[in-house]
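Below: one structure, written as structure tokens.
Labels below follow one simple rule: chain letters A, B, ... track the order of the sequence lines, proteins then strands, and each chain is numbered from 1. Since this is a predicted model, take the numbers as computed values, not measurements.
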Amino acid sequence: MRNIPSYDPQSLEAKWQAHWAARHTNEPDLDRAARPFYNLMMFPYPSAEGLHVGNMFAFTGADIYGRFKRLQGFDVFEPIGFDAFGIHSENYALQVGTNPATLIPQNIATFRRQLRQFGAMYDWRHELSTTDPAYYKWTQWIFVQLFKAGLAYKKRAAVNWCPKDKTVLANEQVIDGRCERCGTAVEQRFLDQWFFRITDFAERLLANLDHIDWSSSTKLLQRNWIGRSEGAELMFETPSGKKITVFTTRPDTVFGATYLVLAPEHPLVDELTAVEHRSAVKAYQREVQSKDVVSRRVGDKTKSGVFIGSYARNPATGEAIPIWIADYVLMEYGTGAIMAVPAHDKRDFEFATQFKLPIRQVVATEGEGEGEPLPSVSEGGKLMNSGAFDGMPCRDAARKIVAWLAERGLATPRVQYRLHDWCISRQRYWGPPIPIIYCEQCGPVPVPEKDLPVELPLIEDFRPDDTGVSPLARHEEWYFVKCPKCGGQGRRETDVSDTFLDSAWYHLRYPSTEFHDRPFDPARTTKWLPVSSYIGGNEHAVLHLLYARFICMVLNDLGHLQFDTPYPKFRAHGLIVKDGAKMSKSRGNVVVPDTYIKEWGADTFRMYLMFLGPFQEGGDFRDEGIVGIRRFLEKVWTLVHESPAGGGATHPAVEQKLHRTIRKVTADTEALQYNTAIAAMMEYVNEMRERGAGSRELLKPLVIMLAPYAPHVAEELWAVLGERESVLQARWPSFDEQLASTGDVEIAVQVNGKLRSRLVVPRGMPQEAVVKIVLSDPVVKKFVDSQKVRKVIYVQDRLVNLVV
RNA sequence: GCUCGGCUGGCGAAAUCGGUAAACGCUGCGGACUUAAAAUCCGCUGGGCUCUGCCCUUGGAGGUUCGAGUCCUCCGCCGAGCACCA
């Protein structure tokens, strides 16, 4: 036996990383690439703690895919950057008392080092950070485009206010009534906020989901978030001639509407309140306003509300029904008013029971007698107590009733969405200033594009206070500015924008980072976009991914882009948990990759993470199995080093196994089923060792297939096998379907569906021949005995079942 | 409450169309090598029994089928998302 060098990942990985950097191995020619493939992964937020195992799991999975495509002959562009603005960084900066502008570069340096050491194929020439003025110049430019298109507007709105972080939060940043970050109960405040009209795009955002290749779980989350409901607006008229419009998804139940409920803030409330009820109504409105936005939205509490002393006519029955106000009706959804059908709506039922309002059943459910108890919300029944519509199924009735009321102008079909406009204002410091100047004469004026970026000034006191005004307002030489239109005294907008705006377009910037006079170069963009493959976490399913689609649609409509979908293919990776719980600093279960990489090497750790479970499902991190991967790599190492230059042993069974392995690894890698691809390579190595085969011809394809998973050791072994170029210059091996599907197969022999014997036959043997052998098998004979075989079921190459 | 995903050996997991359940790996046990240990290599490793063989086993109970981890119905548990959205 020859003396082979020992496998030392540390020196070997450093060597190859230096080699890649020196040779610019991972820097495709963006202008001349023949087969561009844009391999994108969600860029990280550079936290002070550094990269954790969850990040590395995601990045490794994405990098494997990129390397796989590279080996298939694509010019792969795999960029990386940092999503470094936002409340995370700012809160941390406040906590340690250092300006985020000094902290963030330190964090980024740490991330950069960690990202380099695990061996991803990043093109560092195109690194970006959202906090770089050269980047956020264009984030501001995008704001200006939306503003000019009438898609950005300012609105005074009740917002979620976190008293601890002293900032507004988006609805989606409020979890169970508490601040997503600090857990403090959120309050209601009224502030002027900038919004983007994403609701104008609700239908397109929803329809688009049908055509894009995304993880179904992600699509589902987006559909639910957009929350489309079909229904109708119905008109209820008061004796004074006021029309109250309600939105309902169940117009079929209008005969059962026994009262109306308006949101306490509804504009008609004042007018419709009878004199003797005025004080009670005012008191109730005050009570509701004093509550925070969130506790009002918590569903499972007792209902409250007051009668306002007036009535409206039910358009179907013509009877006068009382009008109430109650906080369970929200002004933001629908028309801010509902028709209450207590017999067929749970909330209305609770309310009616509590305030002793009439309940009238108008839908008879299936079956005899009573059917299900009220409130019955099923749409499966037939109408009753509904005049001419009695006996009609709900769905038909809904259409017919709307048509009938529409004739008198009392109904309009209507589609309603749950999605709200995107509030992008943040009363904070650490973000791109919203590029607007307020002028006494001209109103809000966008900063001219030539004056962008509006740089975020480096200020000492970036602490927010509870005025609700950004700290930027305290910085006078920045705050006061000439109006770009009339030259008069103006004031800058002091809000900064939401981080999700930064990340809504970063994929457009990567290929064009060297251009400073345009956000994304048209030629580069045409060549590289939309993104070929996008991999990231489902925690961004409804925020980042929805906003990115929206911004792309807008830029497309405005003529800046030729496509309206940024990521036609997206796959959500699973979550790495520790001891059954999500990794978080507060739980103290965060695993840092550095120590593992130091101990085992990046290749072993990368593969181990991928072997833990299916990439798209994630898994529980534990370190018990890592040695298995290391042993596997050692075996490959030994096989390659022992393989003689001239030839080496081969074996027909191993050759066949090779072709099957290539088939499986190719399919599994394409499908991101990395765990089973690794298992297939292990099987192949086991087979080689058992058969004593180890020729270079058998090993080269293995080393290529290994390259996406364990890139450093693959390079080394490729060189040992006598190759001079990088293994990335090699072509992914092809397989011979014929060879992969020949050979013997083991067939299961069943009698009456129970396994009784096994039989090895050549692949593709016809039924008669197999049955003949089977019937002569003594074990089978025993079970068949003297009974007559009534039926034979034969599945080619798999099983034969005798029914007696 | 609604929607979705999951539940398979001691553990992580595999299993195109309904067709040999447990591939691959870990752990554990036994053996080889060694003065010894580590490393490495070989073997065994779901449970039971009347053990040359047979029976049971994919959260539970039914069903469809020659045949069910896979399809259908009901139930349980775990996780995620949404949640007074009319």
Nucleotide nearest [X] (side chain, heavy atoms from C-beta), chosen from [options]:
X: A:R418; options: B:A86, B:U20, B:C82; answer: B:C82
X: A:P614; options: B:A86, B:A14, B:C24; answer: B:A14
X: A:N675; options: B:C84, B:A14, B:A23; answer: B:A14
X: A:W225; options: B:G25, B:C82, B:C42; answer: B:C82

What nitrogen or oxygen pairs link the protein and nucleotides 2-12 of chain B at under 3.5 Å?
{"residue": "B:G12", "atom": "O2'", "partner": "A:L612", "partner atom": "O", "Å": "2.6"}

Using the 3.5 Å cut-off, write out each protein N or O paired with an N or O of nucleotides 55-57 of chain B and the distance between them.
{"residue": "B:C55", "atom": "OP1", "partner": "A:R756", "partner atom": "NH1", "Å": "3.2"}
{"residue": "B:C55", "atom": "OP1", "partner": "A:R756", "partner atom": "NH2", "Å": "3.3"}
{"residue": "B:C55", "atom": "OP2", "partner": "A:R756", "partner atom": "NH1", "Å": "3.0"}
{"residue": "B:C56", "atom": "OP2", "partner": "A:K754", "partner atom": "NZ", "Å": "3.2"}

Would you tabulate the nitrogen or oxygen pairs shorter than 3.5 Å linking the protein to nucleotides 63-71 of chain B?
{"residue": "B:C66", "atom": "O2", "partner": "A:N801", "partner atom": "ND2", "Å": "2.4"}

If you measure from the [atom1] atom in [N] to the same atom in [M], how many Å do you get, rounded?
N: B:G28; M: B:G10; atom1: C1'; value: 8 Å
N: B:G69; M: B:G81; atom1: P; value: 33 Å
N: B:U40; M: B:A15; atom1: C1'; value: 32 Å
N: B:A61; M: B:U70; atom1: P; value: 13 Å
N: B:C49; M: B:A68; atom1: C1'; value: 26 Å
N: B:C74; M: B:C2; atom1: P; value: 13 Å
N: B:C4; M: B:A23; atom1: C1'; value: 30 Å
N: B:U16; M: B:C7; atom1: P; value: 14 Å

So A:Y333 and A:F247, would you call those rings parallel, tilted or perpendicular, with 30° and 60° as cut-offs? perpendicular
Do any side-chain nitrogens or oxygens of A:R631 fall under 4.0 Å of OP1 or OP2 in B:C26? yes
Please confirm whether the shortest side-chain N or O distance from A:T676 to OP1 or OP2 of B:C24 is below 4.0 Å. no
Taking [X] for its side chain and [Y] for its backbone only, find out whether a donor-acceptor pair lies under 3.5 Å.
X: A:Q750; Y: A:N752; value: no
X: A:H544; Y: A:V542; value: no
X: A:T661; Y: A:Y684; value: no
X: A:K635; Y: A:M682; value: no
X: A:H641; Y: A:P5; value: no
X: A:D421; Y: A:I198; value: yes
X: A:K791; Y: A:V803; value: no
X: A:D327; Y: A:V288; value: no
X: A:R606; Y: A:P708; value: yes

Answer with base, sugar-phosphate or nothing: what part of the nucleic acid does [X] contact at a heavy-atom distance below 4.0 Å?
X: A:R689; value: sugar-phosphate
X: A:S216; value: nothing
X: A:K219; value: nothing
X: A:E634; value: nothing
X: A:D348; value: nothing

According to the Watson-Crick and G-U wobble definition with distances under 3.5 Å, which dot-bracket string, read 5' to 3', encodes RNA chain B, using [ ] for crossing pairs and | for pairs with another strand? (((((((..(((......[....))).(((((.......))))).((((...))))..(((((..]....))))))))))))....
Syn or anti for B:G28, with syn set at within 90° of 0? anti
Taking O4'-C1'-N9-C4 for purines and O4'-C1'-N1-C2 for pyrimidines, is B:C17 syn (within 90° of 0) or anti? syn
Name the residue closer to the 5' end of RNA chain B, choosing between A:R758 and A:K346 according to the nucleotide with the nearest heavy atom. A:K346
For A:K664 and A:V795, find the nucleotide of RNA chain B closest to each by heavy atoms; which residue's nucleotide sits nearer the 5' end? A:K664
Would you mind reading off the distance between [X] atom [atom1] and [N] atom [atom2], rounded to a whole angstrom?
X: A:I226; N: B:C82; atom1: CD1; atom2: P; value: 14 Å
X: A:Q673; N: B:A15; atom1: CD; atom2: C1'; value: 12 Å
X: A:Y674; N: B:A14; atom1: OH; atom2: P; value: 15 Å
X: A:Q767; N: B:G19; atom1: CD; atom2: P; value: 18 Å
X: A:E332; N: B:C84; atom1: CD; atom2: C1'; value: 12 Å
X: A:I576; N: B:G79; atom1: CD1; atom2: P; value: 18 Å
X: A:D668; N: B:A15; atom1: CG; atom2: C1'; value: 12 Å
X: A:F615; N: B:A14; atom1: CZ; atom2: P; value: 14 Å

Salt bridge (charged side-chain N to carboxylate O under 4.0 Å, His left out) filter on A:D8, not counting sequence neighbours, yields none
Is there a side-chain contact between A:M42 and A:L545 in this structure, where contact means two heavy atoms from C-beta onward sitting under 4.5 Å apart? yes
A:E265 vs A:Q285 side-chain heavy atoms within contact, under 4.5 Å: no
A:N538 side chain to A:S215 side chain, donor-acceptor N/O pair below 3.5 angstrom: no
Less than 3.5 Å apart, which donor and acceptor atoms pair up between the side chains of residues 248-261 of chain A and the rest of the protein, not counting sequence neighbours?
{"residue": "A:T248", "atom": "OG1", "partner": "A:R250", "partner atom": "N", "Å": "2.9"}
{"residue": "A:R250", "atom": "NE", "partner": "A:D252", "partner atom": "OD1", "Å": "3.2"}
{"residue": "A:R250", "atom": "NE", "partner": "A:D252", "partner atom": "OD2", "Å": "3.3"}
{"residue": "A:R250", "atom": "NH1", "partner": "A:V377", "partner atom": "O", "Å": "3.1"}
{"residue": "A:R250", "atom": "NH2", "partner": "A:D252", "partner atom": "OD2", "Å": "3.0"}
{"residue": "A:T253", "atom": "OG1", "partner": "A:R250", "partner atom": "O", "Å": "2.8"}
{"residue": "A:T258", "atom": "OG1", "partner": "A:P358", "partner atom": "O", "Å": "2.8"}
{"residue": "A:Y259", "atom": "OH", "partner": "A:D348", "partner atom": "O", "Å": "3.0"}

Can you confirm whether or not the ring centre of A:F351 sits under 6.0 Å from the ring centre of A:W324? yes
Pair A:F621-A:Y596, ring pair (Phe, Tyr, Trp, His ring centres under 6.0 Å): steps then yes or no: CA-CA 12 Å; A:F621 185 84; A:Y596 288 92; 5.4 Å; yes
